[in-house]
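Step one of this worksheet: look at the structure below.
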There are 2 protein chains.
Amino acid sequence: MATTKLLERELKRGSAELLILALVEERARHGYEIAQLIDSRSDGGIRYHVASLYPTLYRLEDRGLIEGRWVEQAGVRRRRYYKLTKEGRKVLKSQRNVWESFFAALDRVARVRHA
Amino acid sequence: MATTKLLERELKRGSAELLILALVEERARHGYEIAQLIDSRSDGGIRYHVASLYPTLYRLEDRGLIEGRWVEQAGVRRRRYYKLTKEGRKVLKSQRNVWESFFAALDRVARVRHA
DNA sequence: CCGCCACATATCGTCTGACGACATATGGCG
DNA sequence: CGCCATATGTCGTCAGACGATATGTGGCGG
């Protein structure tokens, strides 16, 4: 259904930052790895296109929430590893709170929990 | 924090349809009433501006998910009451499922529950 | 050794929808 | 009579997802 596809697109809006921040919280990761992790951990439930992923990484770095570092290794194309900054940690915590209260509010209005 | 404000804006994307469909599921409601219900039931956690609400109502009606009817009453400005259509009921059910699995996936990737 | 695929990063143009600002109209209250 | 709550409506701006497209590398099969 087209409706569902459109909705899924909208859901990604805003969630991208949370996903990226949460994934680089564990350890430094590069873009491609992040994309794959989102795909695998969500069981394909959330797919995040590279055309959106890289620009989002740059925005997060510009805002000082993550910090990138080029890593050159023999046998592997150069990768840019991003790690969470101190400020990023604060924002991640705040975003988790925002999402959680949003879920709760959405449940109160539209009764979403327990399908 | 500007970040939070931006995030909140993005969260509304896509959720608007679910909220409206869920509210007119109970009984026919008019736009202004819907806006107030979203505000009150979410305890102000979700605010939905009229500039977005009315266009969304028109989109939903165009797609045949809700059906509007003008109601004139003495002592009250004319109101347009929207009720859920059969097709709207199907879409609402589907959207609840999409949201629920999105929540679950987001939790698996970014551990959002229990802030 | 060459083509193809997975890996890895990058950019452009299009489209959608939220929102601030503004507009219009009516009933009630002081 | 002015102001506020009610109620519907529109315009211009802005952000961000995504399809398409591009570049470059390492490994593997034929």
Side-chain angles (χ1 to χ4, degrees), chain A residues 2-20 23 28-40 42 46-63 66 68-82 95 102, chain B residues 2-20 23 28-40 46-63 66 68-82 95 98 102:
Chain A
T3 299
T4 302
K5 202 182 170 188
L6 279 175
L7 173 56
E8 279 165 2
R9 179 185 296 202
E10 301 305 334
L11 286 176
K12 281 165 199 165
R13 234 172 239 268
S15 67
E17 294 191 0
L18 171 71
L19 291 169
I20 293 171
L23 287 173
R29 299 186 192 277
H30 58 94
Y32 198 81
E33 190 189 359
I34 291 170
Q36 285 180 307
L37 275 171
I38 291 177
D39 200 63
S40 64
S42 74
I46 304 174
R47 228 166 274 158
Y48 208 67
H49 289 249
V50 286
S52 317
L53 179 70
Y54 288 103
T56 305
L57 285 171
Y58 309 148
R59 281 198 304 273
L60 291 175
E61 190 168 20
D62 281 345
R63 284 160 53 201
I66 59 176
R69 190 171 60 91
W70 282 110
V71 175
E72 311 264 0
Q73 252 180 291
V76 193
R77 181 156 157 36
R78 64 173 194 159
R79 295 164 170 167
R80 192 161 172 84
Y81 280 85
Y82 293 94
Q95 293 218 357
F102 175 72
Chain B
T3 298
T4 302
K5 202 184 169 186
L6 278 174
L7 173 57
E8 279 166 3
R9 180 186 296 202
E10 300 306 332
L11 286 175
K12 281 166 198 164
R13 232 173 239 269
S15 68
E17 292 191 1
L18 170 71
L19 291 169
I20 293 171
L23 287 173
R29 298 187 193 277
H30 57 95
Y32 197 81
E33 189 188 359
I34 291 170
Q36 286 180 306
L37 274 171
I38 291 177
D39 199 64
S40 64
I46 304 172
R47 227 166 276 155
Y48 209 67
H49 288 248
V50 286
S52 317
L53 179 70
Y54 288 104
T56 304
L57 285 171
Y58 308 148
R59 281 197 303 273
L60 290 175
E61 188 167 22
D62 280 347
R63 283 158 55 202
I66 59 176
R69 190 172 60 93
W70 282 111
V71 176
E72 312 262 0
Q73 250 179 294
V76 194
R77 178 155 158 38
R78 63 173 197 163
R79 296 163 168 166
R80 191 161 173 85
Y81 280 86
Y82 293 95
Q95 292 219 358
V98 171
F102 174 72

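Sequence lines set the chain letters: A, B, ... in the order given, protein chains first and strands last, and positions in each chain run from 1. Values below: every heavy atom of this structure, side chains too, minus hydrogens, waters and symmetry copies.
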Compare side-chain N and O positions of [X] against OP1 and OP2 of [N] and report whether any pair is under 4.0 Å apart.
X	N	answer
B:Thr56	C:dA18	yes
A:Tyr54	C:dA10	no
B:Ser52	C:dC19	yes

Checklist entry - Of all the nucleotides listed (D:dC18, C:dT11, D:dT8), which has the minimum atom distance to the side chain of A:His49? => result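 The listed nucleotide nearest to A:His49's side chain is D:dC18.
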Item to check | Which residues share a side-chain hydrogen bond (donor to acceptor under 3.5 Å, both in side chains) with A:Gln36, sequence neighbours left out | outcome: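 Residues passing side-chain hydrogen bond (donor to acceptor under 3.5 Å, both in side chains) with A:Gln36: none at all.
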Atom [atom1] of [X] and atom [atom2] of [N]: how far apart are they, to the nearest Å?
X	N	atom1	atom2	answer
A:Leu53	C:dC7	CG	P	15 Å
B:Arg47	C:dC19	CZ	C1'	13 Å
A:Tyr81	C:dC7	OH	C1'	12 Å
A:Trp70	D:dG24	CH2	P	14 Å
A:Arg78	D:dG26	CZ	C1'	16 Å
B:Glu72	D:dA7	CD	P	13 Å
A:Gln73	D:dT25	CD	P	16 Å
B:Tyr48	C:dG17	OH	P	9 Å

Checklist entry - Just wondering, do B:Asp39 and B:Ile46 contact through their side chains at under 4.5 Å, heavy atoms? => result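 No, their side chains stay 4.5 Å or more apart.
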Checklist entry - Hey, does B:Arg79 have a side-chain heavy atom less than 4.5 Å from the side chain of B:Gln73? => result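 Yes. Closest side-chain heavy atoms under 4.5 Å.
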Item to check | Test log, rule salt bridge (charged side-chain N to carboxylate O under 4.0 Å, His left out), inputs A:Arg63 and A:Glu17 | outcome: CA-CA 12 Å; A:Arg63 284 160 53 201; A:Glu17 294 191 0; 2.8 Å; yes
Item to check | Touch class at under 4.0 angstrom, heavy-atom based, for B:Tyr58 against every strand present | outcome: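 The answer is sugar-phosphate, as B:Tyr58 gets under 4.0 Å only of primed atoms, P, OP1 or OP2.
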Checklist entry - Which distance, rounded to the nearest 0.5 Å, do you find between the NE2 of B:His49 and the OG1 of B:Thr56? => result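 It comes to 12.5 Å.
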Item to check | Spacing of CD1 belonging to A:Ile20 relative to CD1 belonging to A:Ile38, to within rounding of 0.5 Å | outcome: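 Atom-to-atom, A:Ile20:CD1 and A:Ile38:CD1 are 6.0 Å apart.
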Item to check | Those residues of residues 28-40 of chain B lying under 4.0 Å from DNA chain C by at least one heavy atom | outcome: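 Within this stretch, nothing sits under 4.0 Å of the strand.
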Next on the checklist: Suppose we screen for salt bridge (charged side-chain N to carboxylate O under 4.0 Å, His left out). Which residues come up paired with A:Glu61, at least two apart in sequence or across chains?
Outcome noted: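 For A:Glu61 the salt bridge (charged side-chain N to carboxylate O under 4.0 Å, His left out) partners, ignoring immediate neighbours, are A:Arg80.
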Checklist entry - Mapping A:Arg59 and A:Arg77 to their closest nucleotides on DNA chain D, which lands nearer the 5' end? => result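 The residue mapped nearer the 5' terminus is A:Arg59.
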